[in-house]
2 protein chains.
Amino acid sequence: MLDPVSRVRRFNRAVTSAVGALDTSFLGRGRPLGAARVLNAIGHGRSDVGEIRDYLGLDSGLMSRLLRSLEDEGLIETQVHEDDARRRVASLTGAGKREFAAYEDLSNSQAEGLLARNSQREVLLAAMDLIASALTRDRIALNEMDPRSDEARHCLAEYYAELGRRFKQGFDVSLSRDPDAKDMRRPRGSFIVAMSDTLPIGCVGLKGTDHGYAEIKRLWVAPSARGLGLGRRLMDNAEEAARSLGIALLRLDTNSALPEAGQLYRTTGWREIPRFNDDPYPDLFFEKRL
Amino acid sequence: MLDPVSRVRRFNRAVTSAVGALDTSFLGRGRPLGAARVLNAIGHGRSDVGEIRDYLGLDSGLMSRLLRSLEDEGLIETQVHEDDARRRVASLTGAGKREFAAYEDLSNSQAEGLLARNSQREVLLAAMDLIASALTRDRIALNEMDPRSDEARHCLAEYYAELGRRFKQGFDVSLSRDPDAKDMRRPRGSFIVAMSDTLPIGCVGLKGTDHGYAEIKRLWVAPSARGLGLGRRLMDNAEEAARSLGIALLRLDTNSALPEAGQLYRTTGWREIPRFNDDPYPDLFFEKRL
DNA sequence: GAATATATCTGACTAAAGTCAGATAATGCT
DNA sequence: AGCATTATCTGACTTTAGTCAGATATATTC
């Protein structure tokens, strides 16, 4: 009753019935679940028939028939793929878009209902983020992105907020040497965002300089995704990006108020060096030769 | 992407695929899910055919056929109910018990696998408890139980541990006036445990005295179940129990280090009175006339 | 004791999901 | 050019789930 496994199983039972309720509301639109799932996959931007089939785990015969039934309803259209005439791409018609929007409304109002019933919204959301990250840890994708993208800006805002909480004196970006976005774009550098499904949960920047080395900046992992080895994966990716840019020497600065970061650097081949800049926040400096 | 509704939906997607994986592993035992669910319901102690049908939401014809197929496999036996010969009760045979145990192993190892892949076990479990309580808030049952039962003892142990954390001077049960279990049993008093599925998530004791009043003791709500209005429900139940025992006056003591408790009492008809005992821990005293 | 209600079962269905063996057409490889 | 491979489709299935109208036996109510 109280052991960890029972607690996980209680959680499973609770969410199974919540998930079942959403399926029931989908059925309320008068279409079998299989067809509804295909329609929603297309609505969410999956156009390639083979991709949808893989994503939903469907047999090709079944997939074909579901597409036909959605076509008969006038909700989708299919065309041959422009690069490969064997493949087909599906898209929503006007009616399909309206129908997809109706499913979206159902999903959204289920989510809103769940939040509205609960007085501790933020606590509940944090718990959901944590669990979603843990369950999908094998599907976390590391993507090179523009440091000005919404995803990157979200990560940076969270990163600054966390420094503000953890540094005794707080943190003010304008006092720090905020890296220029163009230094973290190819060919000078890179910016990598870890995405779990649609949520950015971590980032790292590789900032090119004119001093014969590049710097690692803004390494951040969302609290809900800690303990999954994501920091190390991000650093590995950043080093890989540096190698691909022909960079042979990396440096970074950090603060002893972030002990888990220092620990990570020390165990992955970085060595401590003397201060190499005059930024007021860092008190620890590292270097790694690739 | 970052708004609350998207976060809930990301959680739903993550959990849906984890749940789907368990269903797939159940199918691996070569039996349709419907039959597997009935077998598991019986294994978990639901013997009455009608009860299983309600629990699983099955049509009576379908239910009957699933029972027949499990009987044909030699996994269950059915008998007429001893009090009502229209009803039937199902029970596992030896082979059925082994098969049920195999399903239990699948569920347990899925749960263990989920925990093992994560380094922050306790954080993850706390998040799961919180979500399970929030999702099943409408199904929280308040049961009168023996204060010596496992469920009650679990609640009390958690309650003492929390007092230890929240009182500056810590908390030692042996210094407090620990109520005698028989004073919290009918006909002297009562003890109520809030159960969410199999997990005890709150309690309250009604302790009979010989001084013309009864005392409310050990009001506790699990951290994972706060914000659901459970404290108030427990208190309402305790008052109801007091009325049914013919008790007209209630008293309680509490500590100002537990402000949410004091707040609850003040908004539900309790009025502050002078100290009425010499327990070293409380510093606030209340009374309510029923 | 007769009428009504309840619990389960059986037979006869339908719908949905899934499987599998080709058919067809386009592409990739040598 | 010829052959193997790939993506999709079609036809002919099976299995699973679910529905519904009685049939049967037992309980409850007046």
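Chain letters run A, B, ... following the sequence lines, proteins first, then strands; residues in each count from 1.
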(message) For B:F100 and B:H44, take the angle between the two ring planes, folded into 0 to 90°, and tell me which bin it lands in: parallel under 30, tilted 30 to 60, perpendicular over 60.
(response) perpendicular

(message) Taking the minimum atom-to-atom distance to the side chain of B:V49, which one of D:dT26, D:dT10, C:dT8 wins?
(response) C:dT8

(message) Need one value for B:D84: base, sugar-phosphate or nothing, where a base atom within 4.0 Å counts as base even if backbone is also close, heavy atoms only.
(response) sugar-phosphate

(message) Can you measure B:R87 atom CZ to D:dA27 atom C1' for me and round it to whole angstrom units?
(response) 11 Å

(request) Check every atom of D:dT8, C:dA26, C:dC9 against the side chain of A:S60 and return the nucleotide holding the closest atom. (result) D:dT8

(message) Can you tell whether the side chains of A:E104 and B:R9 come within less than 4.0 Å, N to carboxylate O?
(response) yes

(request) Round to the nearest Å and state the distance from B:L70 atom CG to C:dT8 atom C1'. (result) 16 Å

(request) Give a yes or no on whether the backbone of B:H81 and the side-chain of B:R87 come within a donor-acceptor separation of less than 3.5 Å. (result) no

(message) What is the distance, to the nearest angstrom, from the NE2 atom on B:H81 to the P atom on C:dT6?
(response) 17 Å

(request) Taking only the side-chain heavy atoms of A:L62 (C-beta and beyond), determine which of C:dT19, C:dC9, D:dT8 contains the nearest atom. (result) C:dT19

(request) Nearest-nucleotide wise, let me know which of A:R37 and A:G61 is further upstream toward the 5' end of DNA chain C. (result) A:R37

(request) Compare the minimum distances between each of C:dA26, C:dT8, C:dC20 and the side chain of B:D48, then state the nucleotide with the smallest one. (result) C:dT8

(message) Between A:R86 and A:G34, which residue's closest nucleotide on DNA chain C lies nearer the 5′ terminus?
(response) A:G34

(request) Please state how far atom CG in B:L58 lies from atom P in C:dT8, giving the value in whole angstrom units. (result) 12 Å

(request) Report the nucleotide, chosen from D:dT8, D:dT16, C:dT8, that has the shortest atom-to-atom distance to any side-chain atom of A:R88. (result) D:dT8

(request) Output yes when at least one side-chain N/O atom of A:R53 is less than 4.0 Å from OP1 or OP2 of D:dA7, else no. (result) no

(request) Tell me which nucleotide among D:dA17, D:dT26, C:dA26 gets nearest to the side chain of B:A85. (result) D:dT26

(message) So that I can tick it off, tell me whether A:D146 and A:R185 are bridged by a salt bridge, with the cut-off set at under 4.0 angstrom between side-chain N and carboxylate O.
(response) yes

(request) Specify whether B:Y103 and B:F26 have parallel, tilted or perpendicular ring planes, treating 30° as the upper limit for parallel and 60° as the lower limit for perpendicular. (result) tilted

(request) Using whole Å, report how far CZ of B:R65 lies from P of D:dT16. (result) 14 Å

(request) Nearest whole angstrom, please: distance from the P of C:dC9 to the CE of B:M63. (result) 8 Å

(request) Find the distance A:Q79:CD to D:dT8:P and express it as a whole number of Å. (result) 14 Å

(request) Please report, rounded to the nearest Å, how far the C1' atom of C:dA17 is from the CZ atom of A:R31. (result) 17 Å

